[in-house]
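Accompanying notes for the structure given below.
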Amino acid sequence: MFRSHTCGELRLSHQGQTVTLAGWVQRSRDLGGMTFLDLRDRYGITQLVFNMEINAALCEQARKLGREFVIQAKGKVAERSNKNNTIPTGEIEIVVDELIVLNVSKTPPFTIEDETDGGDDLRMKYRYLDLRRNPVRNNLELRHRMSIVSRNYLDAQGFMEVETPYLIKSTPEGARDFVVPSRMNEGQFYALPQSPQTFKQLLMVSGYDRYYQIVKCFRDEDLRADRQPEFTQIDCEMAFVEQEDILSTFEGLVRHLFKAVKGVDIASLPRMTYADAMKYYGCDKPDTRFEMRFVELNDLVKNKGFKVFDDAGLVVGINAAGAAEYTRKQLDELTDFVKRPQIGATGLVYCRYNTDGTLKSSVDKFYSEEELKRWAEAFGAKPGDLILILAGEANKTRKALNELRLEMGTRLGLRDKDTYSCLWVVDFPLLEFNEDANRWFAMHHPFTSPKPEDIALLESDPGSVRANAYDMVVNGVEVGGGSIRIHDRTLQARMFELLGFSPEQAQEQFGFLMNAFEFGAPPHGGIAFGFDRLCSLFGGSESIRDFIAFPKNNSGRDVMIDAPSPIDQAQLDELKIKLNS
RNA sequence: GGUUCGGUAGUUCAGUUGGUUAGAAUACAGCACUGUCACUGCUGGGGUCGCGGGUUCGAGUCCCGUCCGGACCGCCA
């Protein structure tokens with residue numbers, strides 16, 4: 001062994017012991033007559049000391065060591081005369097009498113410190129150096145804990161981890177597939193799974209009635225801070241269950257994770273229907289750390305001569321409690337915020353409830369103080385509050401107000417990252433109509449079952465059919481989602497028909513699943529959690545990249561290994577692939 | 001596909017109305033220093049101002065294009 005101890009474990013109780021440590025040179029402090037050297041590994045930092053009077057040659061050797069040299073040092077644990085109570089090993093140091101350089105290092109392009117001087121770009125290029133830094137390592141350690149705790153919980157609940165293939169079949173629904181050419185089957189391609197969806201359903205048919213897998217999934221879509229082309233899911237499926245069984249089982253998982261990893265007790269998760277989420281928060285993943293619910297004003301504001309409101313499909317607002325002191329400048333900022341093309345509102349109406357009880361609005365030319373008072377009542381506003389109102393086409397306006405609500409929540413400090421508000425959003429629509437393609441698409445996926453009481457509507461009004469589908473939302477982040485599946489071949493075939501598949505196409509794409517359903521498929525359903533997102537949420541970060549050892553950048557590139565990259569003509573030839581550019 | 005912000009020393013950044021030899025901090029190298037722990041002090045080296053074109057007597061600075069990176073919209077069953 002290269003070491004008897006790690007750099008994080010020696011204490012005063014080890015005083016006098018001869019130890020051998022190995023690690024990286026964090027920093028040296030050369031005082032002339034003596035040299036101090038901080039030795040670092042995954043576990044901590046231990047100070048080595050070299051003294052010119054005791055061993056001049058060794059001291060000279062130590063002075064030559066550069067940052068990130070890998071060394072092995074043997075010596076005696078000694079009590080420090082000047083202790084450093086900022087680190088756990090600060091009471092001791094190693095009086096070194098043998099020093100071996102295991103490897104030299106070039107000067108790293110950025111400092112390997114908690115507060116590094118390196119920018120994101122550079123740190124990604126040298127990710128293996130970035131991973132030496134404490135903040136990044138802590139994130140990966142958190143991820144490790146999360147995966148262990150999840151596995152233990154699911155194992156204790158009788159779930160069995162089964163691996164499913166990565167080289168599978170491309171399917172038309174959903175995200176764009178990553179494809180892999182098959183050398184042995186000329187002109188044919190595998191696809192990487194967007195999720196193990198069909199396989200886990202087949203496992204239910206096989207009788208593995210509690211399945212899980214912590215598994216990579218692949219979607220070839222544009223990226224975001226919380227989206228990578230390859231990401232990890234905690235993928236689960238259960239047989240002989242109803243929606244309620246799934247919700248309680250996986251509510252249990254998340255509460256257990258919060259308790260075991262963060263020491264946080266989470267109350268039983270409230271439920272909100274999709275319809276309510278859209279009506280009161282303007283999105284299907286509301287951040288419920290704060291209220292500020294939407295209040296619709298159509299009845300109060302129409303036909304008073306204000307054209308913007310009269311012409312609007314929906315007039316809806318929020319009450320920013322305690323924000324009445326907002327200045328003209330701040331209100332203009334908010335107006336600019338909602339008018340940005342990404343948000344798309346045409347303007348912002350405010351109504352300030354002054355602390356003296358008077359009301360002041362940007363539209364008080366059209367509305368009397370009496371009417372404004374009624375607005376305030378509708379919002380439950382109190383003196384000192386600020387009402388913000390948007391108007392326009394209903395869906396667009398809700399979406400814009402959702403952004404404004406989140407912005408106000410941030411500005412008013414209502415989105416503390418150490419506060420957790422979890423809920424289930426349930427009763428999602430089964431289908432949504434896509435104008436461009438002029439057909440219905442499954443909102444969750446084509447295997448999601450409709451609510452039994454809504455099945456008749458499939459024929460008359462497909463858009464109003466609710467699904468047995470649910471999302472878990474924490475602090476405005478969709479951390480997981482799932483559904484009760486269709487296990488009946490006839491209903492599944494009807495779904496494919498609604499989605500515009502001919503029976504032949506359905507058979508070709510999903511025949512394996514529908515055929516399986518003819519051999520005794522049990523009722524089943526499941527859920528998948530976005531593991532990277534869950535980790536970033538627990539770690540208090542917006543970006544999932546911080547919790548992935550080797551992430552991709554905004555354009556899906558790995559800048560460290562420089563992938564993707566062209567391949568040799570010989571490889572293309574072997575695959576019978578001809579590039580047309 | 002679109003919007004927006006950025007690219008200047010190894011690194012993080014500053015750089016005035018377009019005007020002298022492009023600066024600071026940090027890192028690095030050298031010297032001095034026996035209790036430091038962001039050691040300290042002194043000295044030094046270090047620049048294709050992303051790239052290409054244009055305007056101008058003169059461009060890091062203005063214009064056009066392009067490449068790279070970040071955030072976002074579309075997209076993400």
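Within every chain, numbering begins at 1; the chains are lettered A, B, ... in the order of the sequence lines, protein sequences first and strands thereafter. Since the model is a prediction, treat every value here as computed from it, not as a measurement.
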Look at all strands and tell whether [X] reaches a base, only sugar-phosphate, or nothing, counting heavy atoms closer than 4.0 Å.
| X | result |
| --- | --- |
| A:R67 | sugar-phosphate |
| A:M124 | nothing |
| A:P446 | base |
| A:G119 | sugar-phosphate |
| A:S555 | sugar-phosphate |
| A:L122 | sugar-phosphate |
| A:R123 | nothing |

Do [X] and [N] share a donor-acceptor pair, side chain to base, under 3.5 Å?
| X | N | result |
| --- | --- | --- |
| A:R545 | B:rG70 | no |
| A:R219 | B:rC76 | no |
| A:D120 | B:rG69 | no |
| A:Q342 | B:rC73 | no |
| A:D117 | B:rG10 | yes |

Provide the distance between the two [atom1] atoms, one in [N] and one in [M], to the nearest whole Å.
| N | M | atom1 | value |
| --- | --- | --- | --- |
| B:rA9 | B:rA71 | P | 22 Å |
| B:rU21 | B:rG15 | C1' | 15 Å |
| B:rG47 | B:rG41 | P | 26 Å |
| B:rG46 | B:rU12 | C1' | 16 Å |
| B:rU43 | B:rG18 | P | 36 Å |
| B:rG23 | B:rU61 | C1' | 15 Å |
| B:rA22 | B:rC13 | P | 23 Å |
| B:rG1 | B:rC39 | P | 49 Å |

Specify the residue among A:V559 and A:M443 whose closest nucleotide of RNA chain B lies further upstream toward the 5′ end. A:V559
What one-letter contact string describes nucleotides 34-42 of chain B from 5' to 3', where B marks a base within less than 4.0 Å of any protein heavy atom, S marks contact via sugar-phosphate atoms alone, and - marks no contact? BBBBSB---
Is a salt bridge present between A:E403 and A:R340, judged by a nitrogen-to-oxygen distance below 4.0 Å? no
If the test is ring-ring contact (aromatic ring centres under 6.0 Å, His included), which one of A:Y190, A:F231, A:Y166 qualifies with A:F218? A:Y166
For RNA chain B, please output the secondary structure as dot-bracket, reading 5' to 3'. Pairs are Watson-Crick or G-U wobble, both atom distances under 3.5 Å; mark crossing pairs with [ ], other-strand partners with |, unpaired with a dot. (((((((..((((.....[...)))).(((((.......))))).....(((((..]....))))))))))))....
Nearest-angstrom distance from the residue atom CG of A:D546 to P of B:rG70: 13 Å
What is the distance, to the nearest angstrom, from the CZ atom on A:F110 to the P atom on B:rU12? 10 Å
Protein N or O to nucleotides 43-47 of chain B N or O, pairs below 3.5 Å:
none

If you compare every side-chain N and O of A:N553 against the phosphate oxygens of B:rG69 (OP1, OP2), does one of them come in below 4.0 Å? yes
If only side-chain N and O atoms of A:K125 are considered, is one of them under 4.0 Å from the OP1 or OP2 phosphate oxygen of B:rG10? no
Are there over 12 heavy-atom neighbours, none belonging to A:E542, within less than 6.0 Å of that residue's CD? no
Derivation and outcome, ring pair (Phe, Tyr, Trp, His ring centres under 6.0 Å), residues A:F496 and A:F510: CA-CA 9 Å; A:F496 285 131; A:F510 297 106; 4.8 Å; yes
Does NZ or CZ of A:R123 lie under 6.0 Å from the centre of the six-membered ring of A:Y126, at an angle within 45° of the ring axis? no
